[in-house]
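Only a predicted model underlies this, so the values are computations on that prediction, with no experimental measurement involved.
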Amino acid sequence: MNYKALAERLLPGEYPPLSRYEEKYPPRDLPDGAEVTRLAPSPTGFIHLGNLFAAIANERIAHRSGGVLYLRIEDTDLKRKVDGAVEAVINALRYFDIKFDEGAEIGGDETYAPWYQRERAEMYRAFAKHLIEEGRAYPCFCTEEELSALREEQTQRKEITGYYGKYAKCRNLSEEEIYRNLDAGKPFVIRLRSMGDPANKIKFRDAVKGEITVTENDQDVVILKSDGIPTYHFAHAIDDHFMRTTLVIRGEEWLASLPIHIELFDVLGFRRPRYGHNCSLMKQDGETRRKLSKRKDPELSLEFYRKEGYFARAVKIYMLTLLNSNFEEWYQKNPDAPLEEFPFKVEKMSKSGSLFDLDKLNDISKNELSKLSVADMGAFLKVWAEEFGTEEQRHYFDDEEKLSRVLALCMGVGGKKRRKDFMTASQAMETIRYFFERTPRTDEYRVEKAERCGILSDFLATYSPADDAQVWFEKVKAIAGKHGFATDMKEYKLSPESFKGSVADVAEVLRIATTGRANTPDLWTIMQILGENEVHGRLEKAKDE
RNA sequence: GGCCCCAUGGUCAAGCGGUUAAGACACCACCCUUUCACGGUGGUAUCAUGGGUUCGAAUCCCGUUGGGGUCACCA
């Protein structure tokens, strides 16, 4: 068969000699050991925790080694393209402090541009044409119906599905048949003529999994779709070669197509990058665990964390603890060191999928937020409120001095240890709400209504905003004593049966009556911030509840 | 189903042939505390299973089981 003529018929026109591409995209001039990594999302506009997970790993590896992280857009599938998706990806990742050195919509060194695969069409075709000339690729005229019928047949006969061996009908089409189809104007795709044999097992060293065995590929995969655009596999081989990627960190769902990629790199004569397949984030679902899913799990979407007002640094720290098992220990020892100083290692990446644990994230969030200054906390909340807060919440920022007092109190500033009441911006805004309006009661009283009213009346009768904390509490104790509650906790614990309760119960009545909650910071200070009128108003109303 | 990956408490996990099998989250108890927190101390709880190899196995090998991924002109 005249492959040269066939190639010209299939992909007519002049293409640059392949060596031109090697010259155009020379090896990068980087120090020894520098890794070039990338993020290669498709522009669907949906960026999720898994993307962030991989992004952090890629970013750390590139920048720890003095290398480069770039952003490539895999827009070979028109159906999935969404406007503004690329900006969304960049913004979402910037929120987590992931910065690219070069790439789509970023600029940087233009040597390896363009970063949109659609703009690299000529190159893919040039290589496809070359493979056809070499007899290593061929046109396939099978329709989608034929292919799905084939798949069905194979499934029924319990054979491996796909286009391979004797099932690859178009692989051995005669020259006449090919030209007859072409003359008839039949659409075609270009397939790889695979030389692999699945009986052959290859040993392969994966940067995170270690030594794995790979089955040789024998699928005649599509490399150019009927619109002349490459499939992921083909574009991956060419792009990662010419963008000079040294290490591909990607999700383990790609492990299954590694054989294809290995054969593609070989047939193209490219040296392979190293690969590291990281585990996916799982979620407990009833009895079993499964990959986090876009449809079922809102916490998969990065947007969820922004809306909830998670502190970006906390999310990043949690990702890091899952990504590198020794991170947590390092962070305990170096609580004040910049995260960039952590010696991130590919080898320390976990081999097994980890369950996403919101409790753990929440704990980290509380800790991180508790370290903030009042000013930083205010700024953090304000940014959140401006985008996601209610009208009411935005007014909290009108009186800066009051807000500062509130935040300082809720964060325990000045105390021996900070409080950890704040977890996310939305939750924080909700917990300070009672400082700004009388909120619905969220906790139940433990004391009977009649008793409560007595306590509230007595408190109202003696309360004075001029009292300092000591005097204030003495009065509370006096009321406790009068109503048959223990004024001393030790005494109460010795014989709880001889009292109705303790001063703690009395304080709780006052606390819930003024704030609606059983858990708040120091009540005396809260009353100072609220002011006399507000306190009176709330306690009076509470008598009716 | 074929192929591949994975396997230490409820969760994240340390461990690299000899340990009383770390630590963190969650949970429980107690202590501290003038109230709420914070904090402190302690506790419950793990090597999936069966065979080897070895003086000795969580650690090495094989089988089993279980979980996950993947089998497109999607990435």
Side-chain angles (χ1 to χ4, degrees), chain A residues 40-44 74-77 79-80 117 140 142-144 147-148 151 154-155 158-163 187-191 198 201 206 209 212-215 219 221-227 229-233 235-236 250-259 277 279-280 282 284 288-291 318 321-322 325-326 328-329 331-332 350-364 366 370 410 412 415-421 469-470 472-474 476-477 480 487-489 502-511 515 517-524 526:
Chain A
S42 59
T44 57
E74 313 236 316
D75 56 354
T76 54
D77 185 10
K79 295 187 286 287
R80 299 172 61 139
Q117 289 182 326
C140 168
C142 292
T143 62
E144 279 186 49
L147 290 174
S148 59
R151 201 159 31 237
Q154 287 166 330
T155 311
K158 303 204 163 157
E159 294 193 62
I160 296 167
T161 57
Y163 209 78
F188 62 89
V189 300
I190 304 296
R191 284 183 187 273
K201 307 286 179 183
D206 185 271
K209 300 265 183 204
I212 57 174
T213 70
V214 174
T215 308
Q219 294 277 342
V221 290
V222 174
I223 58 174
L224 281 193
K225 301 188 248 184
S226 54
D227 59 0
I229 296 297
T231 55
Y232 167 82
H233 307 297
H236 154 58
R250 37 135 80 150
E252 66 183 342
E253 65 271 20
W254 290 106
L255 217 39
S257 40
L258 187 59
H277 291 90
C279 57
S280 23
M282 312 291 285
Q284 191 71 38
T288 60
R289 45 172 64 187
R290 45 162 240 268
K291 219 171 129 182
Y318 180 50
T321 69
L322 291 182
S325 50
N326 54 331
E328 205 167 6
E329 191 187 352
Y331 192 52
Q332 274 170 12
S350 178
K351 289 184 187 185
S352 52
S354 22
L355 219 48
F356 183 76
D357 184 2
L358 207 60
D359 276 335
K360 180 82 180 179
L361 203 213
N362 288 340
D363 178 68
I364 293 172
K366 286 183 188 175
S370 76
C410 290
K416 281 195 208 79
K417 291 276 184 178
R418 291 290 182 89
R419 297 179 68 93
K420 293 179 180 172
D421 292 359
Q470 259 71 34
W472 179 87
F473 196 72
E474 286 307 321
V476 174
K477 282 209 271 194
T487 55
D488 184 280
M489 288 305 284
S502 74
V503 67
D505 298 305
V506 175
E508 189 186 82
V509 170
L510 296 171
R511 171 170 278 117
T515 67
R517 299 167 176 271
N519 286 23
T520 73
D522 177 63
L523 227 202
W524 174 78
I526 291 172

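Distance A/Lys351 NZ to B/G68 C1': 16 Å, rounded to the nearest Å. Remark: C1' of B/U33 and CD of A/Gln470 are 14 Å apart, rounded to the nearest angstrom. Going from atom CG of A/Leu258 over to atom P of B/C71 covers 14 Å, rounded to whole Å. Here the P atom of nucleotide B/C3 and the CD atom of A/Gln154 are 16 Å apart, to the nearest Å. At whole-Å resolution of the value, CH2 in A/Trp524 and C1' in B/A37 are 18 Å apart. If you measure from atom CD1 of A/Ile526 to atom P of B/U35, you get 15 Å, rounded to the nearest angstrom. Atom CZ of A/Arg517 and atom C1' of B/U35 are 17 Å apart (whole Å). We find that CG of A/Leu255 is positioned 12 Å from C1' of B/G68, with the value rounded to whole Å.
Here the separation of B/A58 from B/A22, taken at their P atoms, is 14 Å to the nearest Å. When the P atom is compared between B/A29 and B/C38, the two are found 15 Å apart, to the nearest whole Å. Atom C1' of B/U44 sits at a distance of 7 Å from the matching atom of B/C28, rounded to the whole Å. Taking atom C1' on both B/C12 and B/C27, the two are 16 Å apart, rounded to the nearest angstrom. B/U65 and B/A21 have their P atoms separated by 31 Å, given to the nearest Å. Rounded to whole Å, the P atom of B/A37 lies 14 Å from the corresponding atom of B/C30.
With RNA chain B read from its 5' end, the first of the two nearest nucleotides for A/Gln219 and A/Lys366 is the one closest to A/Lys366.
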What N/O pairs connect the protein and nucleotides 12-16 of chain B at under 3.5 Å? Give each pair on its own line.
| unit_1 | atom_1 | unit_2 | atom_2 | d |
| --- | --- | --- | --- | --- |
| B/C12 | OP1 | A/Leu355 | N | 3.1 |
| B/A13 | OP1 | A/Ser350 | OG | 3.2 |
| B/A14 | OP1 | A/Ser325 | OG | 3.0 |

Please produce a list of atom pairs where a protein N or O lies less than 3.5 Å from an N or O of nucleotides 72-75 of chain B.
| unit_1 | atom_1 | unit_2 | atom_2 | d |
| --- | --- | --- | --- | --- |
| B/C73 | O2 | A/Ser226 | N | 3.0 |
| B/C73 | O2 | A/Ser226 | OG | 3.0 |
| B/C73 | N3 | A/Ser226 | OG | 3.2 |
| B/C74 | OP2 | A/Lys225 | NZ | 2.9 |
| B/C74 | O2' | A/Asp77 | OD2 | 3.1 |
| B/C74 | O2' | A/Arg80 | NH1 | 3.1 |
| B/C74 | O2 | A/Arg80 | NH1 | 2.8 |
| B/A75 | OP1 | A/Thr76 | OG1 | 2.6 |
| B/A75 | OP1 | A/Lys225 | NZ | 2.8 |
| B/A75 | OP2 | A/Tyr232 | N | 3.3 |
| B/A75 | O3' | A/Glu74 | OE1 | 2.6 |

So which protein N/O to nucleotides 39-46 of chain B N/O distances come out below 3.5 Å?
| unit_1 | atom_1 | unit_2 | atom_2 | d |
| --- | --- | --- | --- | --- |
| B/G39 | OP1 | A/Lys420 | NZ | 2.7 |

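Here the side chain of A/Lys351 pairs no donor or acceptor atom with the backbone of A/Cys279 at under 3.5 angstrom. Using a distance-only test at 3.5 Å, with no hydrogens or angles considered, no donor-acceptor pair links the side chain of A/Arg191 to the main chain of A/Cys140.
Residue-to-nucleotide contacts include no donor-acceptor pair under 3.5 Å from the side chain of A/Asp359 to the base of B/U11.
For A/Ser226, the side-chain contact (heavy atoms from CB on, under 4.5 Å) partners at least two apart in sequence or on another chain are A/Val189. When the ring-ring contact (aromatic ring centres under 6.0 Å, His included) test is applied to A/Tyr163, no partner is found at least two apart in sequence or on another chain. Evaluation of the side-chain contact (heavy atoms from CB on, under 4.5 Å) rule for A/Leu258 yields A/Phe204, A/Ile212, A/Val214, A/Arg250, A/Leu255, A/Ile262, A/Tyr275, A/His277 as partners, not counting sequence neighbours. Judged as a side-chain contact (heavy atoms from CB on, under 4.5 Å), and not counting sequence neighbours, the contacts of A/Lys366 are A/Lys420, A/Met423. Listed by chain and residue number, A/Glu74, A/Asp239 satisfy the side chain to side chain donor-acceptor pair (under 3.5 Å) test with A/Gln117 (two or more places apart in sequence, or in another chain). For A/Thr143, the side-chain contact (heavy atoms from CB on, under 4.5 Å) partners are A/Glu145, A/Glu146, not counting sequence neighbours.
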Problem - Base versus backbone protein contacts along nucleotides 60-66 of chain B [heavy-atom cut-off under 4.0 Å; B, S, -] - result: -------

Handout entry: Dot-bracket line, read 5' to 3' along RNA chain B, where crossing pairs take [ ] and | marks a partner on another strand, Watson-Crick or G-U under 3.5 Å
Key = ((((((((.[[[..)..(....]]].(((((.......)))))....[[[[[..)....]]]]])))))))....

Show me the side-chain donor-acceptor pairs of residues 504-511 of chain A shorter than 3.5 Å, one per line, residues at least two apart or across chains.
| unit_1 | atom_1 | unit_2 | atom_2 | d |
| --- | --- | --- | --- | --- |
| A/Asp505 | OD1 | A/Arg446 | NH2 | 3.1 |
| A/Asp505 | OD2 | A/Ser502 | N | 2.8 |
| A/Glu508 | OE1 | A/Arg446 | NE | 3.1 |
| A/Glu508 | OE2 | A/Arg446 | NH2 | 3.1 |
| A/Arg511 | NE | A/Thr520 | OG1 | 2.8 |

